Asks: 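This structure is in C-alpha cells; I'll ask about it shortly.
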Amino acid sequence: KGSLRNQKWFSYCIAMKTLFWNLNITKNAPVAEIHDLFCKKLQQCCVLFDFLDCVADLKGKEIKRAALNELVESVATSRGVLIEPLYPEAIKMISVNIFRTLPPSENPEFDPEEDEPALEASWPHLQLVYELFLRFLESPDFQPSLAKRYVDQKFVLQLLELFDSEDPREREYLKTILHRVYGKLLGLRAYIRKQINNIFLRFIYETERFNGVAELLEILGSIINGFALPLKSEHKQFLVRVLIPLHTAKSLSIFHAQLAYCVVQFMEKDATVTEHIIRGLLRYWPKTCTQKEVMFLGEIEEILDVIEPSQFIRVQEPLFKQIAACISSPHFQVAERALYFWNNEYILSLIEENCQVILPLVFGTLYRVSKEHWNQTIISLIYNVLKTFMEMNSKLFDDLTSSYKVEKQKLLPKKWSLHTRIKLLDERSSNIIEINIYKKTKNNNNNIKWIGDIKRELKSL
Amino acid sequence: ASGAQGPALVEGVGLGMAGADSDDSLYPIAVLIDELRNEDVQLRLNSIKKLSTIALALGVERTRTELLPFLTDTIYDEDEVLLALAEQLGNFTMLVGGPEYVHCLLPPLESLATVEETVVRDKAVESLRKISHEHSPVDLEVHFEPLVKRLASGDWFTSRTSACGLFSVCYPRVSSTVKAEIRQHFRTLCSDDTPMVRRAAASKLGEFAKVLELEYVKSDIISLFTALASDEQDSVRLLAVEAGVSIATLLPQEDLETLVMPTLRQAAEDKSWRVRYMVADKFSDLQKAVGPEITKNDLVPAFQNLLKDCEAEVRAAAANKVKEFCENLPEDSRETIIMTHILPCVKELVSDTNQHVKSALASVIMGLSTILGKDNTVEHLLPLFLAQLKDECPEVRLNIISNLDCVNEVIGIRQLSQSLLPAIVELAEDAKWRVRLAIIEYMPLLAGQLGVEFFDEKLNSLCMAWLVDHVYAIREAATCNLMKLVEKFGAEWAQNTIVPKVLGMANDPNYLHRMTTLFCINALSEVCGQEITTKHMLPVVFKMSNDQVANVRFNVAKSLQKIGPVLDSNCLQTEVKPVLEKLASDQDMDVKYFAQEAISVEHKLRFLLKPLQSVSPIMSVDRNHGFESNKTYNKTKLNPAARDDTLM
C-alpha cells in the first residue's frame, strides 16, 4: 500500500510539471504533439484526490480540473484528436475516475421523496470526467469499432452499478451516457438489457433499494420505442415479468411516470400485450396504499387512452370490477380519480359501445355510493355518471334500478347464514383437529375410526 | 384473479366432492371448497388456512386424487394465498396418508417454488425441505431428486434460485451416482448467468459443504468458493464470506492455509466496503473456524486493517468485535497481541471522526479490562474510558456508563468516579430528553456500585432535580428510579433522604410538581412499608385532597387506591374512607369518578383484609408483601384441586 501511495505521489508530481508548461500550446501545436499532450493529460487525470478533506491538495485539484476542462474543450471543438491509441487511455482515465464502490448511504432509511440526497463530494472532477466521456461518445470522430474493445461488458456492468448513486446529477449524466453507448455499440445492446433486467429483479424481489430505477426506465422507454415487430419473446417476457412487477415497489411514486411511459410504449408497439398488462396491473392492485392506487388509476387511464376497442372488450369485465371497487373507496381521491374516467371522451365512447356489459358491473356500486359517500364532490360526480348512463341506455338503467332494489332485499339474510355456517365450522373443525391429534398419538392404526368421527361431527352441524 | 378464471375447474372438483358421493356430511366442507374460489381474497385465504380440515374430512385418498390436483392448479392466485398454501403443505404428510404418499405433495410445492414472489418461494422451499426428511431413500431418488433437477434447470431464475436450497437436504441420502449429479447441478448454478441465482448458491454453499464428503469439499467446494468470492458483483462476493467460514470449520488445519486463506485474505481487502464489512461482521466466527495459529499470523493484521478501514461502516463493525476477538485470542500470546497490535488501533478509534464507530467501540471496550487485568487497565484502558466519558456524542458516554460493571470487577469504580461524575452530570442535563431518560435508567446500577455515601454526596441532588423536569417521561422515570434506589438502600435511608424532599414538593406552587409528590408516594409506599406510609405520607396526601386543582384531587383518589394495600384496615376505615367520601361528592366530575372507583376497590380490600387478619395473625406483621402473596397462594392452591375434581 505504501509503495502504491508513493507511486501516485510520483505521478502526481510529474502531472503538475507537464501541465504548467503545456497550458496554452494545445490549440496551435502540430498534430502529433497534440496527441502526445492529450495522452499525457489523460494520464495526469488518473490521479485521484481526496475530496472528503476539502482543503487537502487544493493546488493539485485545481490543476486536474483545468486539465479536464482542456480535454473536454479539445474533444468538443477540434476534429481529428481522437485517434486509435487514445481510446484505451481515455477509457482507462474514465474508469479510474468514475468506477468506485458507492459509499454506504449516510441515512439508512433514505427516502428519495423526503430526504435530501447525499451529493458526491468529488463532483467538481467527476462532472468533468463524465462530460468528457459524453463528448467522446458524441464526437463525430468517435468510432464504435475501436471503442468496443475497451467499452466492453465488464465496463458496462460497472457503469450500471453507478446508477445507484444518490446524487441525481451523476445519474443524469449516466443516463445520457448509457443511452449513447446503447445507441452506438450494437454488440452490447442485449447485454445491457439483460443487466438492467437483473437490476430490476433484484430491486423488486431482494433489496427494494436502487436509486436509478427512474433513469434506467427512461432509457428503456426509448429502447422499447425502437423494438422491431413482431415483438421478440424476450421483450414480452421483460414486460410481463419485470415491468409489471415493478409496480409492486414501495417507492413506485419515484419512477411511476417513466414506468407508465414504458408500459404504454409496449402497447403502442403491439396491441396484443394489452390484456397481459391490464390483468397484471389488476393482480398487483394496491390494497392499502391509496396514493399508489391513484397512480394505478392514472396509468389505467393512459392505457385506455390508446387501447384498441377489440382489446378493450377482452379486459372490460375485470377492469370495471376494479374501477367499481375504487369508486366505493372511502378515500375520496381514489374515488374521484376513478370517476374522472367518465370525463375522458375516448373512454366514454368505449363505455358507451359496451354499455350492456359495463353498466351492470358498476351500477350497484354507483347507486350505493351515491347514497352513502361522505364527500360531496364524489356524490355529485356520481350523479353525473349516473346521468350519463341514463342517457346512454335508459331501458337498461331502469331495469337495473328495479332489480337492484329487489336484490338488496334478498342479499342480507343470505350473507348472514353463510357466514354463520362458516363460523360454526371453524369452531368445530379446530376442536376436531385437536381431538384427532390426541387420538392419533394414542393409536396410530385407528385412522378409519377417527375419520368416521369427523363425519359424524360434521353431520351434526 | 384466479377466482375469476378457475370456477369451471373447481366446480368439477367441488361437485365431485360434495355431490357425486351424495354424502351431505361433507356439506360444510363444500362450503369451504366453495370459498377456495371466492372472489374475495380474504375468504380464499381463510379457506386455505383451513386446508387441513378439508383434507381431514376428505380422507387421505381423495386428498391425494382430488384436492392436491386442484391446489396445483390454483398456483396463479394472490401471493398471500400462495404463501398460506406453501406453509400448509409442509405439514400435510399425515393428511395424504403418511410418508408412503408424501411425494404427492411435490407437484404443488414445485409450482410454488417457481413463483416470482420471494416470500412464497422461500416458504415453498422450507416446506420442501421439511417433507424431504419424510421421504424414504427410494422415494427421494425417484420423486424428490428429479424435482430438484427440474428446478435447477428451469428457464426462469426463480426456480433455479429455489433449487439451491434443496441440494443439501437430499444429498446425504441418495446413491453415489445421484450424488455426482447433484454436485454437478450445484456447480452449474454457482456459475449461473443471473446474479440472483449466484447469490442463492453462494448463500447455500456453506450448508451444502457440510453434507459433502471431505474429498469433494476439497475438490469441488473450494473451487466454487474461490469463484464466488471473486465474482464481478459484490453482492455475490459478500455472501461467499459466510460460506468461507463454514468451509473453514470442515477442513483439517493443514489444508486451511492453502485452500481457504488466500480467498479470505482477499475478501478482507476487497475493494467493495460491503465485502469488508461482512468479513468484519463474521470475524469472531472466522477466528474460531481457523484456529489459533492462523489467527496469530493472518487475522491479527487483517483485523488491524479493518479497524483502520477507510469506510466508517466497516470500522464500526470491526470495533464491535474488539472484545470478542481479544477474548478468543490464544492464551499464550493474548496479552502481547492486544498490547502491541490491537490497543494502538483502539486508541485511534476512541477519537474517530464517526460517532457510530466510537459508540460501537464504547459498547465493548470496557470488556477488555477483564482480559487485560488490573495493571494494564489502569495504565492503558483507563485513559481511554476517561476520554470516552468526555466524548461529545452522548451515546458514547452512555455506552461507557452502561458497561461500568465490567470495570468495577477489575479495578473498582472508585478509580473512575472523579471523571464519572462530570459525565453523569452532563448527561443528566443533556438537552435531549431521551439522553436524560437513558442515564436515569443506569442510576440504580451506578448507585449500587458507587455506594450510598458517594451517592448521597454527589448524585442525590440530580435524582431530585429530575423530579421537576419539564418532560413528563423524565419525571415518571425519576419516580421509578427513586423506588429502585430505595430497594437498594433500604427504607431507613429513604426516610432520611428522599421522603422529606418528596413531601416538601407538596407545597410547590406548580401543580405538576405537587402531582409528582403523589406519583412518588404511589411508587414508594410499598418499598417504604406501612409505618412510613401511614406516618409521613398519608397526612400529606390527605392535605392535598383540598388542593385547588382538580387534577391533584383526583390523583389523591388514585393514590389512596394505590396505597390502600399497604395500610391496615383500621386506618382505611377511619381515615381513608372519609376522605374518599368527601372527594366522591366533589364538584368535579373526574374527581368524583376516581374517588368512587377508589371506594369500591377499598371496600373489596377491607372485605378481604378482615377475615385474613383474623385467621392469620402473621399477616399484620408481614404487611403488604405477605398480604399479596398469601392471597395468590390461596388461589393457586384452590384451583388445581378444583380442576382435579372435574377431571376425575
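Note on naming: letters A, B, ... go to the chains in the order of the sequence lines (proteins, then strands), and numbering restarts at 1 for each one. Only a predicted model underlies this, so the values are computations on that prediction, with no experimental measurement involved. These values consider heavy atoms only, across backbone and side chains, with no hydrogens, waters or symmetry-generated copies.
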Asks: With a 4.5 angstrom heavy-atom cut-off, which part of A:Ile204 approaches chain B: side chain, backbone, both or neither?
Replies: neither
Asks: Side chain, backbone, both or neither: which part of B:Tyr277 has an atom under 4.5 Å from a heavy atom of chain A?
Replies: neither
Asks: Would the number of heavy atoms belonging to other residues, nucleotides or ligands and lying under 6.0 Å from CD of B:Gln88 be above 12?
Replies: yes
Asks: A quick test of your reading: do over 12 heavy atoms of other residues, nucleotides or ligands sit less than 6.0 Å from CD of B:Glu311?
Replies: yes
Asks: What residue in A:Asn197, A:Leu102, A:Thr207 has the most heavy-atom pairs under 4.5 Å with chain B?
Replies: A:Leu102
Asks: Measuring from B:Glu78:CD to A:Trp285:CH2, what's the distance to the nearest 0.5 Å?
Replies: 13.0 Å
Asks: Side chain, backbone, both or neither: which part of A:Glu317 has an atom under 4.5 Å from a heavy atom of chain B?
Replies: neither
Asks: Can you find a heavy atom in the side chain of A:Arg202 that is under 4.5 Å from one in the side chain of B:Pro195?
Replies: no
Asks: Rounded at 0.5 Å granularity, tell me how far CD in B:Glu232 sits from CD in A:Glu161.
Replies: 8.0 Å
Asks: Would A:Arg283 and B:Asp79 count as a side-chain contact (heavy atoms from CB on, under 4.5 Å) here? Give the steps.
Replies: CA-CA 10 Å; A:Arg283 179 177 151 87; B:Asp79 292 331; 3.4 Å; yes
Asks: Can you tell me which portion of A:Leu157 sits under 4.5 Å from chain B's heavy atoms? Options are side chain, backbone, both or neither.
Replies: side chain
Asks: B:Gln233 and A:Asn198: side-chain contact (heavy atoms from CB on, under 4.5 Å), yes or no, with the steps?
Replies: CA-CA 12 Å; B:Gln233 305 227 336; A:Asn198 288 340; over 6 Å; no
Asks: Check for a donor-acceptor pair, side chain of B:Trp156 on one end and backbone N or O of A:Arg241 on the other, with a separation under 3.5 Å.
Replies: no
Asks: Sort B:Glu116 into side chain, backbone, both or neither according to what part of it lies under 4.5 angstrom from a heavy atom of chain A.
Replies: both
Asks: Using a cut-off of under 4.5 Å on heavy-atom pairs, state which of B:Gly98, B:Ser272, B:Ser47 scores highest against chain A.
Replies: B:Ser272
Asks: Could you look at A:Lys154 and say if it's the side chain, the backbone, both or neither that has a heavy atom under 4.5 Å from chain B?
Replies: neither
Asks: Between CZ of B:Arg121 and OH of A:Tyr205, what distance do you get to the nearest 0.5 Å?
Replies: 7.5 Å
Asks: When you measure from the side chain of A:Thr101 to the backbone N and O of B:Arg274, does any donor-acceptor pair fall under 3.5 Å?
Replies: no
Asks: Which bit of A:Pro318 comes within less than 4.5 Å of chain B, counting heavy atoms only: side chain, backbone, both or neither?
Replies: neither
Asks: Do B:Arg199 and A:Glu206 have side chains that approach each other closer than 4.5 Å (heavy atoms only, starting at C-beta)?
Replies: yes
Asks: Count the heavy-atom pairs under 4.5 Å between each of B:Asp193, B:Val119, B:Asn46 and chain A, then report the option with the highest count.
Replies: B:Asp193
